[in-house]
Amino acid sequence: MPELPEVESVVRSLRDGCPSLIGARVRSVNLVWPGVVSSTSDCFDEELLEGCRFASIGRVGKFLLFGLKNSRGRSLCLAVHLRMTGRLFLVPEREAVERHTRLALMLDDGLALRFDDPRKFGRVWLIDDPSAVTGGMGPDALAVGFEEFASRLTRYRRQIKPLLLDQSFVAGIGNIYADESLYRAGIHPCTISADLAPDAVRRLHAAIATVLSEAVEAQGANIDGVFKAGSFVVSVYGREGASCRICGTAISKIRVGQRGTHFCGHCQNNCSTSTT
DNA sequence: CACTCTACCTGTGCGC
DNA sequence: TGCGCACAGGTAGAGT
């Protein structure tokens, strides 16, 4: 499941890989499944995409943002969200469309940019201004400083796990890295954000930065038999019943805010300031 | 306003 | 073996 580190890996491979997408021109568009275009995309149009050149590739949270320039000099943004099962990659043009391909952009150098998504959750946007998709988002989870993180945390009285998943709080954290960060910080996922002791807030901020940057370095997570993007090894996610690597306690799985949540009941005790 | 819940999807893996 | 069903999860939008 692509989260910030996996999306960053896609950015790097498309931007810095060989061949790079930068400079490539869109020759034609194959919108295999029209539902892939988001209902909030204001100007998706195959004809508008045709002839565009890729000028930049970036990321905000889990959104991939492609800066485009058409032949008349108009700047556009192609935004892509991979959601759960989306994949975006360059292939030789003859492999442009396969079973789960939702969108393929034929390029002018014998390549195609292909968007596959078996579960049809992923979406694309063609917009003039990227803030149309990123506007409501909080600061990027890899870039947020401690002071801003701490002041935003105490602004809410919510369980910390669902808050971490809220993209308007910080952008880029999904279910896997929320569980991993809370484990690394030794914080129970149900702790109320505003009740976190100052030291716990500091540990959480550091844990998020460490976990995400390690995962970026590893080019994403490797979750045994379920998901493989890179080589980042998880400590709690998907390890229900297995031993905590620190204390040996069996990893628990509960539901918090409708999400499967994995944690160590021994290492992640209550970190609230209350004395209950 | 602040927060919670559901719909959207389909491949996988489990139990019967 | 084969069938059916629950489950996984990010976000928009509806609900409380």
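Only heavy atoms go into these numbers, but all of them, side chains included; no hydrogens, no water, no symmetry mates. Below, chains carry the letters A, B, ... as their sequence lines are ordered, and counting in each starts from 1. In this text, all values refer to a predicted model and were calculated from it rather than measured experimentally.
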Starting from [atom2] on [N], measure out to [atom1] on [X] and report it in whole angstrom.
{"X": "Met137(A)", "N": "dT11(C)", "atom1": "CE", "atom2": "P", "result": "8 Å"}
{"X": "Lys253(A)", "N": "dG9(C)", "atom1": "NZ", "atom2": "C1'", "result": "11 Å"}
{"X": "Phe169(A)", "N": "dT11(C)", "atom1": "CZ", "atom2": "P", "result": "15 Å"}
{"X": "Asp166(A)", "N": "dA2(B)", "atom1": "CG", "atom2": "C1'", "result": "11 Å"}
{"X": "Tyr177(A)", "N": "dG9(C)", "atom1": "OH", "atom2": "C1'", "result": "15 Å"}

- prompt: Should the ring pair His81(A) and Phe63(A) be called parallel, tilted or perpendicular, given that the plane angle runs from 0 to 90° and is split at 30 and 60?
  reply: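 Rings of His81(A) and Phe63(A): perpendicular, over 60°.
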Taking only N and O in the side chain of [X], is any of them less than 4.0 Å away from OP1 or OP2 of [N]?
{"X": "Arg155(A)", "N": "dA2(B)", "value": "no"}
{"X": "Arg99(A)", "N": "dT10(B)", "value": "no"}
{"X": "Gln167(A)", "N": "dT11(C)", "value": "yes"}

- request: Could you say whether Arg259(A) or Arg158(A) is positioned toward the 5' end of DNA chain B, judged by the nucleotide with the nearest heavy atom to each?
  value: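 Looking at the nearest nucleotide for each, Arg158(A) comes out on the 5' side.
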query: For DNA chain B, whose closest nucleotide is more 5', that of Trp33(A) or that of Arg157(A)?
result: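 Checking each residue's closest nucleotide, the 5'-ward one belongs to Arg157(A).
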task: Taking the six-membered ring for Trp and the full ring for Phe, Tyr or His, determine whether the centres of Phe232(A) and Tyr177(A) are under 6.0 Å apart.
output: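 Yes, the ring centres sit under 6.0 Å apart.
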Residue met sooner reading DNA chain C from 5', once Arg255(A) and Ser39(A) are mapped to nucleotides: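 Looking at the nearest nucleotide for each, Arg255(A) comes out on the 5' side.
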query: Are side-chain heavy atoms of Ile176(A) and Glu3(A) found at a separation under 4.5 Å?
result: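 Ile176(A) reaches Glu3(A) side chain to side chain.
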message: Out of the candidates Leu21(A), Leu78(A), Leu31(A), only one should pair with Leu105(A) under the side chain to side chain contact (heavy atoms under 4.5 Å, CB included) rule; please name it.
response: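 Between Leu105(A) and the candidates, side chain to side chain contact (heavy atoms under 4.5 Å, CB included) is satisfied uniquely by Leu78(A).
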How would you label the contact of [X] with the nucleic acid (heavy atoms, under 4.0 Å): base, sugar-phosphate, or nothing?
{"X": "Lys161(A)", "value": "nothing"}
{"X": "Tyr237(A)", "value": "sugar-phosphate"}
{"X": "Gly257(A)", "value": "nothing"}

What nucleotide among [options] has an atom nearest to a side-chain atom of [X]?
{"X": "Thr40(A)", "options": "dG11(B), dC9(B), dG13(C)", "value": "dG13(C)"}
{"X": "Lys62(A)", "options": "dT10(B), dG11(B), dT11(C)", "value": "dT11(C)"}
{"X": "His81(A)", "options": "dG13(C), dG9(C), dG10(C)", "value": "dG10(C)"}

- prompt: What about Arg119(A), does its side chain sit under 3.5 Å from the base of dT11(C) through a donor-acceptor pair?
  reply: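 Per atom types, no contact qualifies.
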field: Whether Phe121(A) stacks on the six-membered ring of dG9(C) base, 5.5 Å and 30° limits
entry: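 Aromatic stack with dG9(C) present for Phe121(A).
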- request: Have a look at Thr101(A) and tell me which of Asn30(A), Asp116(A), Asp117(A) forms a side chain to side chain donor-acceptor pair (under 3.5 Å) with it.
  value: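 Output: one option passes, namely Asp116(A).
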